[in-house]
Amino acid sequence: GNSEEAAAKQEETNSVQLVLDWTPNTNHTGIYVAQAEGFFKEQGLDVEIMLPGEAGADQLVASQKADFGISAQETLTEARIQDIPVVSIGAIIQHNTSGFASPKDKNITSPADYEGKTYGGWGAPVEEAVLSSLMQKENADVSEVEIVNMGNTDFFTAVERDIDFAWIYYGWTGVEAELRGQELNMQYLTDYSEKLDYYTPVLTTSESMINENPETVQAFMAAVSKGYEYAIEKPEQAAEILIEAVPDLDPELVKASQEWLSPKYKEDADQWGVQNEQVWSNYAEWMYNHDLLEEKLNAEEAFTNEFLPE
Amino acid sequence: MNKLVVDQLTKSFDSSIILQNVSFSIQDGEFVSILGPSGSGKSTLFHLIGGLYRPDSGEIYINGERTTGEKGRISYMPQSPSLLPWRTILENVVLSSEIIEQPNKSEALNMIQQAGLEGYEHAYPAQLSGGMKQRASFIRSLLSPQSLICLDEPFSALDEFTRMDMQEWLLSIWTEHRRSILFVTHNIEEAIFLSDRVIVLSDRPAKVQREFTIPFARPRHSSLMLTREFLKWKKEIFEELKVLV
Amino acid sequence: MNKLVVDQLTKSFDSSIILQNVSFSIQDGEFVSILGPSGSGKSTLFHLIGGLYRPDSGEIYINGERTTGEKGRISYMPQSPSLLPWRTILENVVLSSEIIEQPNKSEALNMIQQAGLEGYEHAYPAQLSGGMKQRASFIRSLLSPQSLICLDEPFSALDEFTRMDMQEWLLSIWTEHRRSILFVTHNIEEAIFLSDRVIVLSDRPAKVQREFTIPFARPRHSSLMLTREFLKWKKEIFEELKVLV
Amino acid sequence: MTQRFIRGWRPVAVLLLFILLWELCSRWFDIPEWLLPPPSLILETGISSWADYAPHLFSTIRLTFLGFMIGACFGLLLAVLLHLLPSVREALYPLLILSQNIPIIVLAPLLVIWFGFGALPKLIIIVLVCFFPIAIAAMDGLRQTNPEWMHYMKMSGATKGQIFRKLEWPNALPSIFSGVKISAAYSVMGAVISEWLGANKGIGVYMTLASSSFRTDRVFVAIFLIMGLSLLFFLLINLLEKRMTSWQRKGGGVHE
Amino acid sequence: MTQRFIRGWRPVAVLLLFILLWELCSRWFDIPEWLLPPPSLILETGISSWADYAPHLFSTIRLTFLGFMIGACFGLLLAVLLHLLPSVREALYPLLILSQNIPIIVLAPLLVIWFGFGALPKLIIIVLVCFFPIAIAAMDGLRQTNPEWMHYMKMSGATKGQIFRKLEWPNALPSIFSGVKISAAYSVMGAVISEWLGANKGIGVYMTLASSSFRTDRVFVAIFLIMGLSLLFFLLINLLEKRMTSWQRKGGGVHE
Ligand SMILES: Nc1ncnc2c1ncn2[C@@H]1O[C@H](COP(=O)(O)OP(=O)(O)OP(=O)(O)O)[C@@H](O)[C@H]1O
Ligand SMILES: Nc1ncnc2c1ncn2[C@@H]1O[C@H](COP(=O)(O)OP(=O)(O)OP(=O)(O)O)[C@@H](O)[C@H]1O
Ligand SMILES: O=C([O-])O
Ligand SMILES: [Mg+2]
Ligand SMILES: [Mg+2]
C-alpha cells in the first residue's frame with residue numbers, strides 16, 4: 001500500500017502534461033510564468049505544455065492522455081452533457097472578454113445595428129442564440145441578420161470582404177486591431193446579459209485525476225495560481241516570459257495584449273481562479289432554454305474550487 | 001519521271017556509320033526491291049525516306065520535290081506489324097487512310113477478305129496469329145492513298161502459299177493503280193519475281209553494291225520461277241550477296 | 001524413348017476450334033519441323049506444349065511424364081522476339097538460363113559473337129534491326145538448359161546467308177548436345193534440310209495432315225539442297241501443302 | 001455473371017467483418033461512446049438524423065461532383081497541353097508540385113478576399129486537390145508510347161493532333177484512369193476541406209458542428225457518409241474504366 | 001551538358017518571373033502586408049528569422065523523410081502483395097479508398113489517445129498520405145505487362161517471384177515513379193498536417209503560431225520552406241527515376 005502510493009506519487013510528480021486550447025497566447029501567460037519561474041518545480045512537478053492541434057483538449061484530458069487542459073465553460077458544458085468526464089478547476093479570466101466587433105467605419109454601435117448586416121461565424125447554433133439575446137434587449141430581430149459561415153477565416157480578412165461583424169476575444173484580436181490602427185466598435189456579451197458572462201477560458205482536469213491524484217491537482221493549481229498572480233502584478237515581465245518561451249509569437253502583440261489582460265485575470269474576485277456556481281448554472285440554463293443543450297447540466301459537478309490554494 | 005530519288009544518303013547511329021553515300025532512284029510506276037544482309041540498314045533507309053529522322057548528309061526527292069526529313073509522303077509497312085492493340089483489325093487497317101482522308105470501310109472489308117482474314121474484322125490484334133497480323137499491316141499500307149509504297153519484309157511471316165497469294169494480289173493492285181513500290185525482302189526469288197529492278201546493299205556501312213534490272217515481261221506467272229532464266233538470275237544475285245556476308 | 005508426346009490435343013478460342021485431335025511425338029534427340037498455313041495453329045500448339053494454357057482435351061507428355069498445362073519444361077523461342085527493352089542484349093540472352101540456374105555469361109558472349117552480334121552486347125533491343133533481335137531471341141532459347149527446344153519461325157527475318165549460318169550453327173549445337181528440337185517454319189527447304197521428320201498441319205481446325213520422314217544422312221551439307229532427291233522431297237511437301245490453302 | 005457477383009461481395013464481406021470486429025471491441029473494452037462510438041450507435045444515429053444531414057449531404061455531393069469534374073478536366077487539359085508543348089512542360093512542372101504545397105490555411109484568406117464566401121473559392125480548392133494526380137499520371141502515360149507505333153504514325157504523316165488522338169491518348173488511358181481513381185478518392189475529402197472555408201451547408205459543416213458539440217456519433221455518421229460517397233464515386237469510375245479499356249481483356253488477356 | 005543546364009534553368013526562370021510579378025502587384029495594388037506580403041519582405045523575414053525556424057525546419061525534414069520512406073515502402077509492399085494475391089486485392093481495394101477519406105479531425109484524437117504525442121501518430125498520418133498514390137500507381141503498373149513478354153516468361157517456367165522481379169517490376173517502374181512523384185509532392189504537406197496533431201516543433205507549428213499572432217510574413221516564410229522542401233524532394237526523385245529508367249533514352253528513344 002504505502003510504497004505503491006509513494007511510487008505512484010513519485011511518478012506523477014515527475015511529469016504531467018498540459019494541453020492548451022489553441023496556440024499559446026496571453027490567456028496562458030500564468031502557466032508559462034509558473035514554468036519559467038520554477039513554480040511547478042517547487043511543487044515537484046515537471047509540466048510539459050502541448051498544443052492540441054486537431055485533437056481537441058477536452059477529449060485528451062478526459063481520456064487521460066493529458067493530465068490538465070484548457071477549455072471554456074461553453075465547451076465544457078456541452079462536453080459534460082455528452083458524459084465526457086472533464087471538470088473545470090479554475091477560471092483563468094473572471095469575466096467574458098468576448099464580444100461582437102466591427103470596423104469603426106461600419107458604424108455598428110449597438111446590437112440594434114446588426115439588422116441588415118452580415119455576421120461572420122463558424123456555423124454553430126449558439127451564435128444565433130447569443131445574437132438574438134443581445135438584439136432582443138434592443139428590440140431588434142435576429143432574422144434580419146445575415147449569418148455567414150466564414151470557416152477558419154480570420155477577423156481581419158473577413159471584414160475586408162462580405163462580413164460586417166464577427167465574434168472575437170478583445171484580449172487578442174482586439175488588441176491586434178489597436179496595433180494595426182484599425183478602430184473597432186465592440187459590443188461585449190457581458191454588457192447585455194448577465195447569463196452570458198461565463199468563464200472563458202478555464203483550466204480543466206479529468207474526474208479520475210481528481211479522484212486518484214488530488215495532491216497533484218492541488219500542487220498544479222498552487223503553481224499556476226502563483227504564475228497568474230505574478231502576471232497580474234508584473235505584466236511586462238510576464239509578457240517577456242511568454243515571448244521567451246514562445247519566440248514565434250509577435251512580441252508587440254503579446255506585450256500589448258498582456259497589458260490589457262493582466263487586470264482582467266482576477267478582476268473583482270477575491271482570488272484568482274475562483275468560480276461561482278451561479279455562473280455555471282446561469283449559462284447552462286440559458287443554453288437549455290435556447291435548445292442548445294439536450295439535458296440540464298448538473299452545475300456542481302462541472303467545476304470545483306477545492307484545489308485553489310488557501 | 002522519277003518517283004523517288006535517294007541522293008548520297010549517309011546516316012550513323014552513335015558514331016557507327018550505317019548508311020554511306022547511298023544513291024538510287026525509282027521511276028514512276030516502278031517496282032524496286034532491296035536485298036541486303038540482316039542489320040545492313042534497309043529499315044533505316046526506309047525511316048529516312050519516311051522522314052522519321054534526317055540523314056547526316058544527302059537528300060531525298062519524292063515526285064521531284066526535296067522531301068528530306070519530311071513525313072507523310074509515303075505509304076509504309078513497318079517490319080513488325082505495329083498494330084494498335086485497342087483497335088480492331090478493321091479499325092487498324094483503315095488507320096493509314098484515316099490520317100490522310102476519310103477512310104473507305106467497304107474497300108477495307110473487301111481487302112480483309114482478300115487477305116484471308118474474313119471473320120477477324122472485329123477481332124483485336126492480340127487474337128491473331130503472327131502471319132495474320134502481318135497481313136493486316138500489309139492491308140493497312142495498301143489502303144493508304146500515297147502513290148509510293150515502302151514495304152519492309154511484308155511477307156516474312158507467311159507460308160509459301162499465302163505468300164504467293166499476297167504477291168499476286170500486290171502485283172494486281174500495283175498494275176491497276178500504277179503505284180511505285182519499294183520492297184525490302186530477304187527472299188531472292190520473291191525479289192526477282194516481283195521487281196523491275198533489284199538493288200543489293202552491302203553490309204555495314206551499307207552502300208549500293210549493285211543494281212539488277214530484271215527483264216521478265218509482265219504479267220508474270222508463278223511458273224516463271226521454274227524457268228532456267230529465272231534460276232540464272234537467282235544464282236547471280238545469290239553470288240553477289242554471298243560475298244557480302 | 002519419346003521426348004515429347006502430343007496426344008489428341010484439341011483447343012478452341014471463343015467457340016472456334018483451332019486444333020483438333022492433334023497427335024504426334026518426338027524421339028529423344030530428334031529434329032522435327034512443323035509446316036502449316038499461316039493461322040493454322042502452330043504457335044498455339046507451342047503455347048499448349050509450353051503449358052501457357054490447357055488444351056480443351058488431350059494430353060502432353062514430356063520425358064514420359066504427363067505435363068499437360070505445366071510450364072517450364074521446354075526451351076522456347078517465340079515468333080516475335082519478345083526481348084525485354086530494359087535489358088541489354090547480353091542480359092536478355094541469359095534470361096532463359098537465369099530462370100533455371102546460374103547464367104553462364106562467357107558462353108553467352110561467345111554465342112552473341114557466333115550470331116554476328118558482337119559489339120551489341122551492351123546495346124538495348126531498340127537499337128537492333130529486326131533480324132538482329134530475332135538472333136538475340138534465338139540465342140536466348142539456345143542458352144536455356146532444357147533438352148527440348150521449341151523454335152517458332154526462328155529465322156524468318158534473316159537474309160539467306162545469315163539464315164544458312166544460323167541453320168548450320170543450330171545443327172552443330174543440336175548434334176553436340178543431343179537436344180530434341182521442334183521447329184516451326186514456312187520455308188520448306190529449311191524444314192527438309194534440318195529435320196529428321198516434317199509434320200504438315202492442315203488449316204483450321206488444324207489436324208496432322210501428313211508426316212514425312214526425311215532420309216538424308218547427317219551431317220548434311222548445303223549442297224544437299226541442289227540434289228534431285230532433295231527437290232523431289234520439296235515438291236512432294238509443296239503439293240501436300242498446296243491442297244490446304 | 002454469378003462469378004462477378006461473388007467477386008463483388010468479397011470486399012463487402014471484409015467491410016462487414018471489420019465493422020463486426022469494431023462493434024465487438026467497443027463492447028468488450030468498454031470504449032466510451034464519446035471517443036469511438038460502436039457501429040450500431042452510428043447506424044442508429046445515421047437513420048434517426050437523416051433529415052438533419054440530408055441537405056448537408058446533397059450540398060456536398062453537388063460540390064464534389066462539380067469540383068471533381070472541373071478538376072479532372074483541368075488536369076487532363078493541362079496534361080495534354082504540357083505534353084504537346086514540351087518546353088512549357090519543363091517550365092511549369094515544378095509549379096504543379098508547388099501547387100500541392102500551398103497550405104489551405106494560407107490559401108483560404110486569399111480566396112475569401114478575392115472571391116468571397118460563395119461556391120467559387122470552394123470549387124478552386126477541390127480543383128486544386130483533384131487536378132494534380134490526373135495531370136501527373138496523364139503526362140506520364142502520354143510520354144510512354146511504344147516507339148514502334150510512334151514511328152509508324154510519324155512516317156505515315158500523322159499530324160501532332162492525330163498522333164495524340166489516335167495513339168498517345170488511347171495508349172495513356174490506363175494511366176489516366178489510374179490518376180482519375182486517385183483523384184476521385186481525394187475529391188470528397190477535398191470538398192469537405194473546402195467547406196471549412198465557410199459554408200452553411202455540407203457534410204464538412206455538419207461534422208464540425210457535431211465535433212464542437214462532442215456528438216462523436218454524428219461525427220462518425222459524417223465520416224461514413226464521406227467514405228460511402230467516395231467509394232461510390234470510385235466504383236463508378238472503375239466501371240467506366242472497364243468499359244473504355246475493354247480491349248485489354250480480349251486476346252492479349254490474362255490466361256492462367 | 002550546357003543544354004541540360006539551360007533546360008534546368010527554364011523552370012527557375014518562370015519561378016523568378018512569377019515572384020517578380022507578385023512583387024510588382026504588391027506594390028502597384030498596395031496589397032496590405034498582413035494579407036499577402038511582398039516576396040521581398042518574405043525574403044527579409046526568412047533571412048532574419050533563420051535562427052527561429054531552423055529547428056522547426058529540421059524537425060519537419062526529419063519527419064517528412066522518415067514518413068515518406070515508410071509510406072513509400074508500405075505503399076510498394078502493399079501493391080506488390082495485392083498484385084501477387086489477386087483475391088486479397090479485390091477485397092482490400094475499397095479499404096484503400098476509404099483510408100484516404102478518414103478526416104484528420106477524427107483520426108487525430110484517436111491517434112493521440114492510442115499512441116500519445118510522440119512521433120508515431122505523426123508518422124502514421126504521413127504514411128497514410130503517402131502510401132496511397134504509390135500503391136494505386138504501382139498496382140496499375142504491375143497489371144500492365146506486355147502479354148507477349150508474359151507468355152515468354154511463363155512458358156520458360158519462370159516462377160511467380162521471377163516473373164515479378166524480372167518482368168513486372170521493371171515494367172512497372174515508370175508507373176511506380178509516377179506514383180512516387182505524386183506522393184513526394186504530398187509528403188511535406190502531410191508532415192505539416194501531422195504536426196497539427198500536437199507537436200512543439202516543426203514548420204506546421206511555426207506556421208500556426210505565426211498565423212495566430214497575425215504574422216503573415218512568417219506564415220509565408222513557412223510556406224516557402226514547405227514548397228522548397230517538396231520541390232527539392234521531387235527533384236531528387238526525378239533524378240533517381242532518370243537513373244533507373246535510363247534504357248528508355250537509348251534507341252527506342254525520342255527522335256525529333
Ligand atoms: N535507334 C538506333 N540506335 C542505334 N543503332 C541503330 C538504331 N536503329 C538501327 N540501328 C543500327 O543500324 C543498323 C541497321 O539497322 P536496320 O534496322 O536498318 O537493319 P536492316 O537492314 O533493316 O536489318 P534486318 O534485315 O535485320 O531488319 C543495325 O546495325 C542497328 O544496330
Ligand atoms: N488469344 C487468342 N484469342 C483468340 N483467338 C486466337 C488467340 N490466339 C490465337 N488465336 C487464333 O488461333 C488461330 C491460330 O493461331 P496461331 O498463332 O497458332 O497460328 P500460327 O499457325 O502460328 O500462324 P502463323 O504462321 O501466322 O504464325 C488463329 O486463327 C488465331 O486467330
Ligand atoms: O488542411 C488539410 O489538408 O487537412
Ligand atoms: Mg529491317
Ligand atoms: Mg505463329
Side-chain angles (χ1 to χ4, degrees), chain C residues 43-53 60 62 67 69-89 91-101 103 120 122-129 132-133 137 140-141 143-146 148-152, chain E residues 76 79-80 83-84 86 137-138 140-181 237-256:
Chain C
S43 300
T44 304
L45 182 63
F46 273 23
H47 290 160
L48 289 171
I49 296 172
L52 184 62
Y53 20 75
I60 291 154
I62 295 176
T67 62
E70 272 181 36
K71 304 179 188 82
R73 293 312 197 95
I74 60 168
S75 161
Y76 169 59
M77 173 179 170
Q79 190 168 1
S80 79
S82 308
L83 303 173
L84 304 183
W86 54 84
R87 288 187 165 223
T88 62
I89 296 310
E91 289 165 355
N92 258 298
V93 300
V94 297
L95 180 61
S96 63
S97 48
E98 238 180 68
I99 287 172
I100 291 165
E101 50 179 29
Y120 288 90
H122 303 296
Y124 289 93
Q127 297 173 287
L128 265 56
S129 80
M132 289 159 83
K133 280 184 226 169
S137 173
R140 182 175 63 181
S141 70
L143 282 171
S144 162
Q146 303 285 4
L148 174 60
I149 307 185
C150 296
L151 304 171
D152 198 349
Chain E
L76 276 181
V80 170
H83 175 71
L84 295 179
D140 277 324
L142 288 170
R143 266 192 317 153
Q144 266 137 37
T145 315
N146 183 330
E148 274 179 10
W149 305 338
M150 180 60 93
H151 291 176
Y152 173 76
M153 290 300 281
K154 283 190 176 167
M155 287 179 63
S156 300
T159 59
K160 262 202 153 188
Q162 285 175 326
I163 290 182
F164 177 74
R165 281 201 315 282
K166 294 175 199 294
L167 176 58
E168 295 175 322
W169 175 261
N171 185 63
L173 265 188
S175 294
I176 290 174
F177 269 107
S178 177
V180 171
K181 278 186 272 181
I237 284 163
N238 230 7
L239 216 75
L240 192 70
E241 179 184 18
K242 288 244 164 82
R243 276 183 162 258
M244 287 184 69
T245 57
S246 60
W247 59 270
Q248 284 193 324
R249 272 161 299 140
K250 291 257 175 88
V254 196
H255 312 286
E256 196 57 16

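As the structure is a prediction and not an experimental result, all values here were calculated from the model. Chain letters run A, B, ... following the sequence lines, proteins first and then strands; every chain starts at 1.
Proximity to chain E is absent for every atom of C:Gln79, based on heavy atoms less than 4.5 angstrom apart. For chain C, no part of E:Asn146 is nearby; none of its heavy atoms comes within less than 4.5 Å. Of the atoms belonging to E:Ile163, not a single heavy atom falls under 4.5 Å from chain C. No part of C:Ser144 comes within reach of chain E, as not one of its non-hydrogen atoms sits under 4.5 angstrom from that chain.
In this structure, E:Met155 and C:Lys71 have side chains that are not in contact, with every pair of non-hydrogen atoms separated by 4.5 Å or more. Under the 4.5 Å side-chain criterion, counting only non-hydrogen atoms from C-beta, C:Leu83 is not in contact with E:Tyr152. Residues E:His151 and C:Pro78 are not in side-chain contact: their nearest non-hydrogen atoms beyond the backbone lie 4.5 Å or more apart.
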Apply side chain to side chain contact (heavy atoms under 4.5 Å, CB included) to the pair E:Asn171 and C:Trp86, showing each step before the final yes or no.
CA-CA 8 Å; E:Asn171 185 63; C:Trp86 54 84; 3.6 Å; yes
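Side-chain atoms of E:Gln162 come within 3.5 Å of backbone atoms of C:Ile99 as a donor-acceptor pair (strictly under, hydrogens ignored).
E:Met153 contributes atom CE, which lies 13.5 Å from atom OH of C:Tyr76 (distance to the nearest 0.5 angstrom). Interatomic distance, E:Lys166 NZ to C:Glu91 CD, rounded to the nearest 0.5 Å: 10.5 Å.
For chain E, the option among C:Ser96, C:Gly50, C:Pro85, C:Gly51 with the highest count of heavy-atom pairs below 4.5 Å is C:Pro85. The residue among C:Leu128, C:Leu95, C:Ile49 with the most heavy atom pairs within less than 4.5 Å of chain E is C:Leu95. Interface remark: of the candidates E:Leu173, E:Thr159, E:Leu167, E:Leu167 forms the most heavy-atom pairs closer than 4.5 Å to chain C. Per-residue counts of heavy-atom pairs under 4.5 Å with chain E were compared for C:Glu98, C:Gln146, C:Glu70; the largest is that of C:Glu98.
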